[in-house]
Protein chains: 2
Amino acid sequence: MSPVSHLPARALAPRRHDEILRRLGAQGSVSVAELAGFFEVSRETIRRDLKLLSDQGRLGIVHGGAARFEPSEPAMSLRSQENAGGKAAIGRAAAGLVRDGMVVFLDSGTTTLAIAHAITDLRDLTICTASLKIALHLCHVPGMRVHMLGGEVDPSEEAASGIDTLDAMARFRVDIAFLGGGALSPDGEVTDFTRAGAEQRGRMIGLAGKAYFVLDRSKFGKLTPLRIPNFERAAGVIVDADPEPALVEALSQKGPELIVAA
Amino acid sequence: MSPVSHLPARALAPRRHDEILRRLGAQGSVSVAELAGFFEVSRETIRRDLKLLSDQGRLGIVHGGAARFEPSEPAMSLRSQENAGGKAAIGRAAAGLVRDGMVVFLDSGTTTLAIAHAITDLRDLTICTASLKIALHLCHVPGMRVHMLGGEVDPSEEAASGIDTLDAMARFRVDIAFLGGGALSPDGEVTDFTRAGAEQRGRMIGLAGKAYFVLDRSKFGKLTPLRIPNFERAAGVIVDADPEPALVEALSQKGPELIVAA
DNA sequence: GTTCGCTGCCACATATTGCAACATCAGTGC
DNA sequence: GCACTGATGTTGCAATATGTGGCAGCGAAC
């Protein structure tokens with residue numbers, strides 16, 4: 001029977017959505033049965049709610065309920081192992097572009113961490129980064145000033161991100177920036193996993209005197225969903241192996257110089 | 001009819017995964033039998049969960065259970081410190097003051113790092129810290145949001161400090177703050193080494209609902225040059241041993257409660 | 001009255017789980 | 001080193017919970 005007659009007014013859809021999102025924030029996950037009981041509606045209704053919120057990208061649906069959305073990228077500890085040699089070569093090549101006294105921005109990521117290890121010979125650098133590990137490493141190197149950008153910490157990157165980070169970034173005058181990326185697409189463009197990441201990197205291209213992307217060979221020809229704004233204004237792309245000729249050609253059309261690290 | 005289920009609510013898969021990872025973070029390893037008992041599911045289910053998480057590279061499977069890869073061992077990093085036992089006791093006492101859902105500020109320092117290790121059992125905390133190591137540790141605990149405060153990194157503290165940090169701090173509504181200090185002076189006051197540190201801590205006393213200082217016994221009776229503004233408005237001082245009676249008396253005159261951790 | 005959106009019910013598809021039988025592993029005593 | 005033993009890991013299968021799509025009832029808006 002329909003639960004109309006003497007029951008208190010049934011919760012409106014937006015009210016359910018608010019409550020669902022509130023619970024998600026509080027508990028990390030919600031179950032369909034639990035919510036159906038709470039709102040006194042059928043499971044189908046809850047599922048439709050979840051489907052809707054999922055389409056908006058506000059949560060991820062799992063069997064039996066929903067969970068906070070987390071873009072799944074392999075854990076940091078795993079990625080740092082992959083292609084360590086290539087990353088080190090990129091690190092050395094990148095370090096060669098840096099001069100004493102510069103203000104250097106280092107993005108989060110395992111390749112940029114390799115750069116952090118490669119620039120310890122330089123003097124009087126000001127480092128600007130959102131990566132916890134990079135900050136932790138470089139702050140112990142004499143003659144370096146490290147500025148940590150604040151923000152909400154993304155566990156998969158071990159770095160701050162979000163509005164506060166963008167905000168903090170804008171305060172610096174950066175001589176040279178090294179940026180990571182999710183992939184080097186076949187048409188010669190660097191793309192990213194998340195909207196926020198793409199935005200942050202695109203912003204930095206504009207802020208830095210010179211901006212280089214660093215991508216190891218495992219990122220070649222992959223596809224991730226988001227284009228990086230301003231990409232054509234980057235100074236270069238540093239890689240650790242020759243990409244496909246078509247990719248090289250496409251990249252040279254766009255503008256950024258291709259640097260292959262030995 | 002109300003579509004409420006009368007079945008025993010079974011834990012959602014993501015909830016199990018969160019709990020498993022949380023325990024891994026806290027204890028370093030988990031056993032299949034233990035988890036099966038806790039969730040009231042069969043061992044096979046737990047094994048399937050572990051297999052899944054292992055495929056994602058978030059843990060390693062061993063005979064009888066699972067262990068984590070990264071040796072960010074709480075035990076190791078803390079044991080290497082002086083008076084590790086005392087700090088751990090303070091950590092537990094501090095964790096006892098925190099409730100699920102709170103916004104917690106953790107100052108930099110080894111004693112507050114011990115608190116970070118002790119609060120991994122709690123749920124849905126928002127952590128606000130300037131310490132790189134605290135952020136790095138807690139960002140991997142499921143159900144915690146970590147906000148890193150930006151600023152220039154002080155190598156001796158491995159934490160951000162300075163004007164940007166003060167600025168970022170002021171944006172948060174903090175329920176409970178745990179602050180370090182340079183010394184517990186004989187007249188029952190917490191003092192600090194630097195002007196900036198004293199200022200930052202004094203500011204946080206005003207911002208937080210409750211502010212506790214944490215000081216292990218090695219800080220008793222020492223003298224450092226700077227008084228902490230607002231000290232008398234702090235909620236308490238947590239220590240790991242009974243101080244001199246005179247010091248206890250002086251402290252009780254000022255206001256903050258003295259908590260001696262066992 | 002009609003249309004439209006939301007909801008609940010139903011039948012059927014799919015996913016997850018527990019059980020049971022069997023294979024392996026880590027100790028233990030000899 | 002070897003056999004024994006209890007605990008742990010694996011696999012196939014059946015039971016059950018959950019997901020999906022169609023359809024109809026009910027109000028609200030027009």
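None of the values given here were measured: they were computed from a predicted structure.
- A side-chain donor from one of A:Thr224 and A:Thr191 sits under 3.5 Å from a side-chain acceptor of the other.
- Here B:Arg16 reaches the OP1 or OP2 of C:dT17: one of its side-chain N or O atoms lies under 4.0 Å away.
- With the nearest nucleotide of DNA chain D identified for both B:Ala33 and B:Glu44, B:Ala33 has the one nearer the 5' end.
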>> Applying side-chain hydrogen bond (donor to acceptor under 3.5 Å, both in side chains) to A:Thr110 and A:Lys87, what does each step give before you reach the verdict?
In response: CA-CA 8 Å; A:Thr110 52; A:Lys87 284 174 197 203; 2.8 Å; yes
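- A sub-4.0 Å separation between OP1 or OP2 of C:dT17 and a side-chain N or O of B:Thr45 is absent.
- Per the geometry, CG belonging to A:Leu52 stands 16 Å off P belonging to D:dG19, to the nearest Å.
- Which of C:dG18, D:dG9, C:dT16 sits closest to the side chain of B:Val41 comes down to C:dG18.
- The B:Arg48 side chain lies nearest to C:dG18 when the options are C:dG8, C:dG18, D:dG19.
- In this structure, A:Ile46 places its CD1 atom 13 Å from C1' of C:dG8, rounding to the nearest Å.
- Checked against the 6.0 Å centroid criterion, the rings of A:Phe178 and A:Phe213 do not qualify as a close aromatic pair.
- Distance, A:Arg15 CZ to C:dT7 P: 14 Å, rounded to whole Å.
- Spacing between atom CD of B:Glu34 and atom C1' of D:dT8 amounts to 15 Å, rounded to whole angstrom units.
- Across the protein-nucleic acid pair, A:Arg47 atom CZ and D:dG22 atom C1' stand 15 Å apart, rounded to whole Å.
- Rounding to whole angstrom units, CZ of residue A:Arg43 and C1' of C:dA15 are separated by 15 Å.
- What separates CG of A:Leu50 from C1' of D:dT18 is a distance of 12 Å, to the nearest Å.
- When rounded to the nearest whole Å, the span between NE2 of B:His63 and C1' of D:dT10 equals 12 Å.
- Annotation: cation-pi pair B:Arg23/B:Phe38 present, NZ/CZ under 6.0 Å from the ring centroid and within 45° of its normal.
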